[in-house]
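What follows is a short report on a single structure.
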Amino acid sequence: MALVNTKEMFKKAYEGGYAIGAFNVNNMEIIQGIVDACKELNSPVILQVSGSARKYARHAYLYSMVKTAAEETGLPIALHLDHGSSFELCKECIDGGFTSVMIDGSHLDYEENVALTKKVVEYAHAHGVTVEGELGQLAGVEDEVSVEADKAQYTDPDQVLDFVTRTGVDSLAIAIGTSHGAFKFKPGQNPQLRFDILQEVMNRLPGFPIVLHGASSVMQEYVATVNQYGGQMADAIGIPEDMLREAAKMAVCKINVDSDLRLALTAGIRKHLAENPTHFDPRQYLGDGRENITAVVKHKIENILGSADRA
Ligand code: G3H
Ligand code: 13P
Ligand code: ZN
């Protein structure tokens with residue numbers, strides 16, 4: 001099957017009360033680990049590439065591998081630009097075969113965000129590509145975006161209808177208390193998502209697909225393995241799974257996961273090398289990392305997303 005955009009996927013997800021997993025990819029093992037799980041569970045999926053992942057692995061390599069994954073599995077797979085930082089980057093990805101892009105103007109003032117997002121939507125839609133916009137600011141750190149916890153801002157529900165109408169975006173990322181990275185809450189802090197804001201957004205945008213960034217649950221079994229074999233990730237805390245499950249049943253149609261994949265891959269590699277100190281063939285330790293990725297994605301599909309048998 002050819003790569004698809006997110007239009008149909010999100011329509012079905014909204015109507016079916018489930019969400020599509022959007023997993024960040026940087027290399028072959030991560031891509032294969034994810035699609036092996038999706039194939040086994042017959043699930044649609046979004047494979048997303050950040051600006052820095054694209055620099056690291058290079059556009060053509062990632063594009064070819066993801067295209068191959070769609071052809072080989074026959075699953076609906078969208079190739080998405082995560083946190084697009086400019087019109088030019090979005091255009092390069094659209095011209096280079098991506099089927100979906102995010103333009104992240106969430107750090108701009110409102111009118112600037114509207115203008116930039118609208119410009120990307122006009123170009124993307126002319127090429128059959130869907131667009132995700134963002135309103136509100138998550139806390140946390142990615143390579144190219146760093147937001148202090150005290151500068152993070154929940155999405156204002158009073159802005160969403162105007163933003164979606166004026167920009168023409170196909171989905172909207174909102175800030176309701178999730179954050180990027182593996183350290184989302186302080187130890188002892190009671191993790192809370194603002195479901196009241198999500199409900200207000202749904203009231204203003206009936207039927208419209210919402211996106212949750214920073215939605216890793218930071219699976220403790222992998223944190224424990226990383227720590228057991230020399231890592232120092234104590235106090236890594238994510239979003240409770242029951243909250244993500246609840247969000248997936250509501251308007252949230254796309255749930256972004258990167259940190260959980262990083263942890264699972266690292267846990268597999270650390271454990272393998274600690275238990276097999278003479279091994280130096282990358283296929284051996286990366287193979288274990290890839291198996292962990294498959295296990296994480298299966299777990300997400302079955303316990304959070306509800307996207308099994310929806311391909
Ligand atoms: O939300 C962003 C992703 O976790 C990507 O992070 O920019 O380090 O690739 P990155
Ligand atoms: P996590 O850091 O929670 O995995 O979030 C990833 C993300 O939002 C990618 O855009
Ligand atoms: Zn994100």
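Counting starts at 1 for both ligands and their atoms, following the listed order.
- Nearest-residue assignment for atom 8 (O) of ligand 2 (options Gly214, Ser179, Ser259; heavy-atom criterion): Gly214.
- Heavy-atom separations between Arg262 and ligand 1 include at least one value shorter than 4.0 Å.
- Relative ring orientation between Tyr110 and Phe163 is described as tilted, the plane-to-plane angle lying within the 30° to 60° band.
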Set out, in order, the CA-CA distance, both residues' side-chain angles and the distance that settles ring-ring contact (aromatic ring centres under 6.0 Å, His included) for His180 and His83, then state yes or no. CA-CA 12 Å; His180 289 111; His83 292 283; 4.9 Å; yes
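- For Glu72, there are no side chain to side chain donor-acceptor pair (under 3.5 Å) partners two or more places apart in sequence or in a different chain.
- Contact annotation: His213 has no heavy atom less than 4.0 Å from any atom of ligand 1.
- By the side chain to side chain donor-acceptor pair (under 3.5 Å) test, Thr130 is found to be paired with Thr6, residues two or more places apart in sequence or in another chain being considered.
- Of all the heavy atoms of Asp258, the ones lying under 4.0 Å from any atom of ligand 2 are found in both the backbone and the side chain.
- Taking a 4.0 Å cut-off on heavy atoms, Met102 fails to register as neighbouring ligand 2.
- Only side-chain heavy atoms of Asn24 come within less than 4.0 Å of ligand 1; its backbone N, CA, C and O stay farther off.
- Distance CZ/Phe185 to CD/Gln192: 8.0 Å, rounded to 0.5 Å.
- Remark: at the Zn ion (ligand 3), atom NE2 from His180 and atom NE2 from His83 enclose 100°, rounded to the nearest 10 degrees.
- Of the candidates Asn26, Ile31, Leu79, Ile31 is the only one forming a side-chain contact (heavy atoms from CB on, under 4.5 Å) with Leu62.
- The Zn ion (ligand 3) lies closest to atom ND1 when only the N/O/S atoms of His213 are considered.
- The ligand atoms of ligand 1 that sit less than 4.0 angstrom from a heavy atom of His180 are 1 (O).
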